[in-house]
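Working notes for the structure below.
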Amino acid sequence: MWYFTAILIFNIEIMPKRANDILRKKIYIIIFKSDTPAGKLFDMALLVVILLSILSVFMESVASFRSKYGTVIHGLEWFFTALFTLEYALRIYSSHKPWRYIFSFYGFIDLIAFIPTYLSLLFTGTQYLVVIRAFRLLRVFRILKLTRFMYEGNILKSALRASMYKIVVFLASVITLVTIIGTLMYIIEGDESGFTSIPMSIYWAIVTITTVGYGDISPQSPLGQFLASILMVIGYGIIAVPTGIVSVEMARATEEAKDKCPACHFSIHSSKDKYCAHCGNQIDLNK
């Protein structure tokens with residue numbers, strides 16, 4: 001009798017857990033794996049829903065559409081928000097490492113994709129921030145197996161990372177320059193020409209050095225116009241600096257990436273290799 005009782009207790013306690021594990025595994029495959037028919041269908045449907053939700057936000061911002069179909073658009077937005085909330089909960093439920101997903105890049109994007117709609121209950125206008133969902137469209141590269149784009153994207157990321165310190169130094173120099181010239185213009189021109197404060201003068205210097213030229217403030221004295229002319233000429237030279245920095249690093253990163261697999265970025269040991277030893281992806285170093 002005790003034997004059958006033990007079997008019954010085992011079935012009651014173990015089987016539900018096993019069924020739960022099976023369910024989690026199935027959901028995980030559908031949601032996280034885009035290389036299965038069900039996973040690919042889910043991801044493509046998700047992209048369509050994202051596009052429709054962004055389109056509804058655009059339509060709501062148009063006064064004529066908002067006056068005629070405001071209720072429908074509002075209902076659709078809450079419908080999309082409910083779908084994204086459910087999807088986010090399922091991703092956490094089925095993930096092997098929930099906290100790792102929550103604090104990942106895509107986990108953060110998935111979270112802020114539906115948060116603005118809930119915030120709109122407290123702060124008017126925040127519902128328009130749901131356009132952040134456009135970041136979720138980045139999954140299209142993984143879904144459609146566009147590894148070449150990911151490869152080029154990684155090269156760009158490497159170039160920007162390598163250029164970061166140079167660009168920071170460059171921006172610090174530009175900020176110092178516009179601060180000095182803005183202060184000089186405040187002293188030279190004063191309130192009569194619209195340079196009512198040093199921050200306002202610095203704003204003018206930034207607008208001028210970037211060759212935007214709004215024209216809302218302009219120097220009137222000969223000395224001020226001379227200084228403005230110098231700043232304009234400097235502006236044309238400054239524009240080329242960050243472009244050159246990034247271009248050099250792009251060329252360097254491209255050269256370094258030639259001997260790496262475009263799919264997994266694993267080092268290729270021989271130029272005669274046709275397949276990556278790490279992921280098995282077909283490679284062609286002659287491209």
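Position 1 is the first residue of the sequence; numbering continues from there. The figures here come from the full heavy-atom set of this structure, side chains too, leaving out hydrogens, waters and symmetry mates.
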To the nearest 0.5 Å, how far apart are [atom1] in [X] and [atom2] in [Y]?
X	Y	atom1	atom2	result
Tyr236	Leu231	OH	CG	12.0 Å
Ile115	Ile112	CD1	CD1	9.5 Å
Thr71	Leu76	OG1	CG	11.0 Å
Ile209	Ile181	CD1	CD1	6.0 Å
Ile31	Ser94	CD1	OG	4.5 Å
Leu223	Met185	CG	CE	8.0 Å

Task: Check: Thr81/Glu77 side-chain N/O donor and acceptor closer than 3.5 Å - done: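 Yes, side-chain donor-acceptor contact under 3.5 Å.
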Open item on the list: We want to know whether Gln220 and Ser218 form a side-chain donor-acceptor pair, criterion being a heavy-atom distance below 3.5 angstrom.
Closed with: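 Checked: Gln220/Ser218 side chains pair up, N/O donor to acceptor below 3.5 Å.
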Task: side chain to side chain contact (heavy atoms under 4.5 Å, CB included) between Val49 and Phe84, intermediate numbers included - done: CA-CA 9 Å; Val49 172; Phe84 291 132; 3.7 Å; yes
Between [X] and [Y], is there shared hydrophobic-cluster membership here, with clusters defined by ILVMFWY side-chain heavy atoms closer than 4.5 Å?
X	Y	value
Phe170	Met164	no
Val72	Leu83	yes
Phe114	Phe58	yes
Leu41	Ile27	no
Val212	Ile230	yes

Does a side-chain heavy-atom distance below 4.5 Å link [X] with [Y]?
X	Y	result
Leu227	Pro219	no
Glu87	Phe42	yes
Asp110	Tyr101	yes

Are the side chain of [X] and the backbone N or O of [Y] linked by a donor-acceptor pair below 3.5 Å?
X	Y	answer
Thr210	Val207	yes
Ser95	Ile92	no
Arg66	Met59	no

- [ ] Flag yes if more than 12 heavy atoms outside Tyr69 fall under 6.0 Å of its OH atom; otherwise flag no.
- [x]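 12 or below, so no.
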- [ ] Name all residues meeting the ring-ring contact (aromatic ring centres under 6.0 Å, His included) criterion together with Tyr28; count only those two or more places apart in sequence or in a different chain, and write none if there are none.
- [x]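 Tyr28: ring-ring contact (aromatic ring centres under 6.0 Å, His included) contacts with Phe32, His96.
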Open item on the list: Tell me if the aromatic rings of Phe108 and Phe103 count as close, with their centers under 6.0 Å from one another.
Closed with: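 Judged by ring-centre distance (under 6.0 Å), Phe108 and Phe103 do not meet the cut-off.
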TODO: Would you confirm whether the ring centroid of Trp78 sits within less than 6.0 angstrom of the ring centroid of Tyr118?
DONE: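 Under 6.0 Å, so yes.
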TODO: Output the rest of the hydrophobic cluster of Ile175: all Ile, Leu, Val, Met, Phe, Trp and Tyr residues reachable through side-chain heavy-atom contacts under 4.5 Å, sorted by chain and number.
DONE: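 The other cluster members (ILVMFWY side chains, heavy atoms under 4.5 Å, direct or chained): none.
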Considering all heavy atoms, the nearest [X]-[Y] contact:
X	Y	result
Ile217	Trp204	O-CD1, 3.3 Å
Ser56	Ser53	OG-O, 2.6 Å
Ala205	Val178	CB-O, 3.7 Å

Open item on the list: Does Met232 form a side chain to side chain contact (heavy atoms under 4.5 Å, CB included) with Thr211? I'd like the steps, not just the answer.
Closed with: CA-CA 7 Å; Met232 293 174 195; Thr211 69; over 6 Å; no
- [ ] Give the C-alpha distance, both sets of side-chain angles, the deciding distance and a yes or no for side chain to side chain contact (heavy atoms under 4.5 Å, CB included) between Phe80 and Thr85.
- [x] CA-CA 9 Å; Phe80 292 138; Thr85 304; over 6 Å; no
Open item on the list: Before you tell me yes or no, could you show the steps for Leu51 and Leu55 under side chain to side chain contact (heavy atoms under 4.5 Å, CB included), namely the whole-Å CA-CA distance, both residues' side-chain angles and the distance that decides it to 0.1 Å?
Closed with: CA-CA 6 Å; Leu51 289 172; Leu55 180 62; over 6 Å; no
Open item on the list: In terms of relative ring orientation, are Tyr203 and Tyr214 parallel, tilted or perpendicular, with 30° and 60° separating the classes?
Closed with: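 Tyr203 and Tyr214: parallel rings.
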